[in-house]
Amino acid sequence: MYKAPRGTFDILPQEQAYWKYVEGKVAFLCQLYGYQPLSTPIFEDSELFTHAVAGGTDLVDKEMYTFEDRKGQKLALRAEGTAPVCRAYLEHGLFNLAQPVKLYYIGPAFRYERPQAGRYRQHHQFGFEAIGSADPALDAEVIEMAQRFFFSLGLSQFSINLNSIGCKLCQPKYVEALQEHYSDYTEQLCPDCKVRLVRNPLRLLDCKKASCQKIAETAPKTVNYLCPECQAHFQSVQKYLGALGITFQLNHRLVRGLDYYTRTVFEIEPQEEGTQQSALGGGGRYDNLIEELGGKPTPAVGFAAGIERLILNLKRQKIAVPSLPTPAAFIACLGEEAKIEAAKLASALRKNGIAVIEATGDKSLKAQLRQANALGAIYTIIIGKQEMENRTIILRDMRNGEQKAIPQTEIITALKQGETA
RNA sequence: GUGAGCGUAGCCCAGUGGUUAAGGCGCCAGGUUGUGGCCCUGGAGAUCGUGGGUUCAAAUCCCACCGUUCACCCCA
């Protein structure tokens, strides 16, 4: 027997209500804030990701799904959402539109990791990106939008962590100070952090090991090394957030795992009893990325959330989602001739936009009604010998069991009335 | 990549060495020879993850492999 590959899963019909719910909220929210949908391919030049996200990150070093096509072209399954959006922005000259350009996407991303709760090899991300403005008001708007997104889903048990990690000018100085601080403790560092110290020093800060945490606590803070411009930007972001009534926590250890971030970084994490400390979503500014990918210097800011984790939290917080629509009618029939009549009727109803399901096989009426019930049909239409003779049908309301015989010609109007009733 | 737990019908699971592997959900059928949901009755459905070993005897004990879950790591 074949199985879905490790870390992937089928989303069965019974589960789809959650997905449709989230997708609906996404579309509404993005419309509200002026973001337009963008779909990008499921695979890209693998260099797009290695260049954008950069080495030293786990994503690029050990989690990418890369492969060669038949001509030896090096490709990678979409590892994250931002780089492809930037690529599309450049490729299609979207910098010619009024700036900032606001785009959103929703789709799968792939990472080779060992699966566990809320972590998969194929997961789905929703994200939005505002490209072409350095205005701190936009950072605040993005954060507010992220918050509104969670609220609109019904989620409230989360907190917003905020930090600024500076720019090309000030970050190197900070990194130097950080390395200097850590160099006093080299012997006490965990093996991972010894590597980080050289390859990706910022990530030293969020090591979870107790021994490393102690060192991180006394480490210099990014905010104390910001250049005047970054300092002003960060202050302004906080001022706007205050004006918007957004509560957030400054977290000096928040650095994010992808290297393209500059200045503002933020993360949404659930604050529930459980141990689960995986981020629900995160984002920040990436003012150098477009330039890195071959464009003109173009500031940008964005956010992404994982759909599976959202749904996990919807379930944990017992948030009910609307169920998928059920058919308006089920057509039951008895006898060969009635079955032909049923097929004609089903076709006519569908032509009028009424969702119907026909009985198949030749089950007993009891079995057919059982099926109508299981399908959640609002009405069952019954056609038997007697109805064939009278040119009528029986219309049974499954909600209360009331039924009546009506002329076949009146069925469409009857059902349309019933739908609004 | 590291560590731990778990693999018995579509799903949840009982069963810790000895007759035909139990139950619940779901499915199918009957109880009304043309009427669902509740109830009652019956039925179908299991190479007990795979391979090897111990034993007179293994779902049960041992080993390996595979799968899966959770945690670390990392992130969505």
Side-chain angles (χ1 to χ4, degrees), chain A residues 1 3-7 9 12 14 22 53 56-64 78-82 105-127 146 190-193 195-196 200 203 206-210 212 254-258 267-270 274-283 302-313 330 332-335 338 359 361-388 394-403 405:
Chain A
M1 278 276 269
K3 288 165 131 182
R6 187 160 158 80
F9 55 92
L12 296 173
Q14 52 183 16
V22 173
V53 179
T57 58
D58 281 10
L59 209 181
V60 162
D61 287 352
K62 42 193 190 193
E63 294 176 359
M64 285 227 295
R78 187 197 290 149
E80 58 95 49
T82 302
Y105 59 90
I106 178 162
F110 303 84
R111 295 178 193 176
Y112 188 86
E113 302 180 275
R114 272 179 77 166
Q116 66 186 63
R119 194 176 78 179
Y120 307 95
R121 289 185 174 179
Q122 176 181 356
H123 74 281
H124 296 77
Q125 277 189 22
F126 150 57
C190 72
D192 284 336
C193 281
V195 178
R196 289 183 183 121
N200 200 344
R203 298 213 54 80
D206 62 359
C207 182
K208 308 294 188 300
K209 296 229 163 46
C212 296
L254 177 63
V255 293
R256 308 281 296 151
L258 311 179
E267 212 161 80
I268 315 287
E269 61 176 35
T275 49
Q276 183 230 18
Q277 67 271 78
S278 317
L280 274 173
F303 168 81
I307 312 283
E308 284 81 359
R309 289 184 184 177
L310 295 174
I311 291 175
L312 198 66
N313 278 274
F330 181 88
C333 55
L334 292 157
D362 56 340
K363 295 178 189 168
S364 68
L365 183 56
K366 182 191 182 104
Q368 293 184 61
L369 276 156
R370 243 202 307 265
Q371 193 187 354
N373 187 59
L375 291 168
I378 302 163
Y379 291 99
T380 297
I381 293 164
I382 302 169
I383 308 174
K385 245 186 210 144
Q386 207 180 318
E387 289 72 34
M388 287 297 287
I394 290 172
L395 185 63
R396 180 181 177 84
D397 189 328
M398 298 299 280
R399 293 165 294 196
N400 52 25
E402 284 171 14
Q403 65 181 47

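Letters A, B, ... mirror the listed sequences (proteins, then strands); counts begin at 1.
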- Hey, could you give me each pair passing salt bridge (charged side-chain N to carboxylate O under 4.0 Å, His left out) that has a residue in residues 108-124 of chain A? Not counting sequence neighbours.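 Every salt bridge (charged side-chain N to carboxylate O under 4.0 Å, His left out) pair that includes a residue of residues 108-124 of chain A, provided the two are not neighbours, is A/E113-A/R119.
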
- Message: Does anything in residues 370-388 of chain A form a salt bridge (charged side-chain N to carboxylate O under 4.0 Å, His left out)? List the pairs, not counting sequence neighbours.
- Response: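 Applying salt bridge (charged side-chain N to carboxylate O under 4.0 Å, His left out) to every pair that reaches into residues 370-388 of chain A, excluding sequence neighbours, yields nothing.
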
- Query: Which listed nucleotide (B/rU35, B/rC72, B/rA76) is nearest to the side chain of A/Y120?
  - Reply: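 Closest of the options to the side chain of A/Y120: B/rA76.
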
- Message: Donor-acceptor pair, distance only, cut-off 3.5 Å: does the side chain of A/R309 make one with the backbone of A/G118?
- Response: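 Looks like yes, one N/O pair under 3.5 Å.
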
- Query: Does A/Q116 put a side-chain nitrogen or oxygen below 4.0 Å from OP1 or OP2 of B/rA71?
  - Reply: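 So the side-chain polar atoms of A/Q116 do come within 4.0 Å of the phosphate oxygens OP1 or OP2 of B/rA71, strictly under.
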
- State whether A/R370 places a side-chain N or O below 4.0 Å from either non-bridging phosphate oxygen (OP1 or OP2) of B/rU35.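 The answer is no; no side-chain N or O of A/R370 sits under 4.0 Å from OP1 or OP2.
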
Within the 4.0 Å heavy-atom criterion, would you say [X] contacts the bases, only the backbone, or no part of the nucleic acid?
{"X": "A/E387", "answer": "base"}
{"X": "A/K62", "answer": "nothing"}
{"X": "A/A367", "answer": "sugar-phosphate"}

- Message: Does the structure show a Watson-Crick or G-U wobble partner for B/rG17, both distances under 3.5 Å? Name it, or say none.
- Response: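 Base partner found: none.
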
- Task: With a 3.5 angstrom cut-off on both distances, give the Watson-Crick or G-U wobble partner of B/rG42, or none if there isn't one.
- Result: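 Pair assignment: B/rG42 / B/rC28.
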
- Message: So, using salt bridge (charged side-chain N to carboxylate O under 4.0 Å, His left out) as the criterion, who are the partners of A/K62 when residues are at least two apart?
- Response: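 For A/K62, the residues satisfying salt bridge (charged side-chain N to carboxylate O under 4.0 Å, His left out) (neighbours in sequence not counted) are A/D58.
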
- Item | For A/Q371, side-chain contact (heavy atoms from CB on, under 4.5 Å) partners two or more places apart |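 A/Q371 satisfies side-chain contact (heavy atoms from CB on, under 4.5 Å) with A/F330, A/K363, A/L375 once adjacent residues are dropped.
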
- Query: Residues two or more places apart in sequence or in another chain: which of them pass ring-ring contact (aromatic ring centres under 6.0 Å, His included) with A/F303?
  - Reply: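 A/F303 satisfies ring-ring contact (aromatic ring centres under 6.0 Å, His included) with A/F128, A/F266 once adjacent residues are dropped.
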
- How does each nucleotide of nucleotides 1-6 of chain B score, in 5' to 3' order, for protein heavy atoms under 4.0 Å: base (B), sugar-phosphate only (S), or none (-)? BBB---

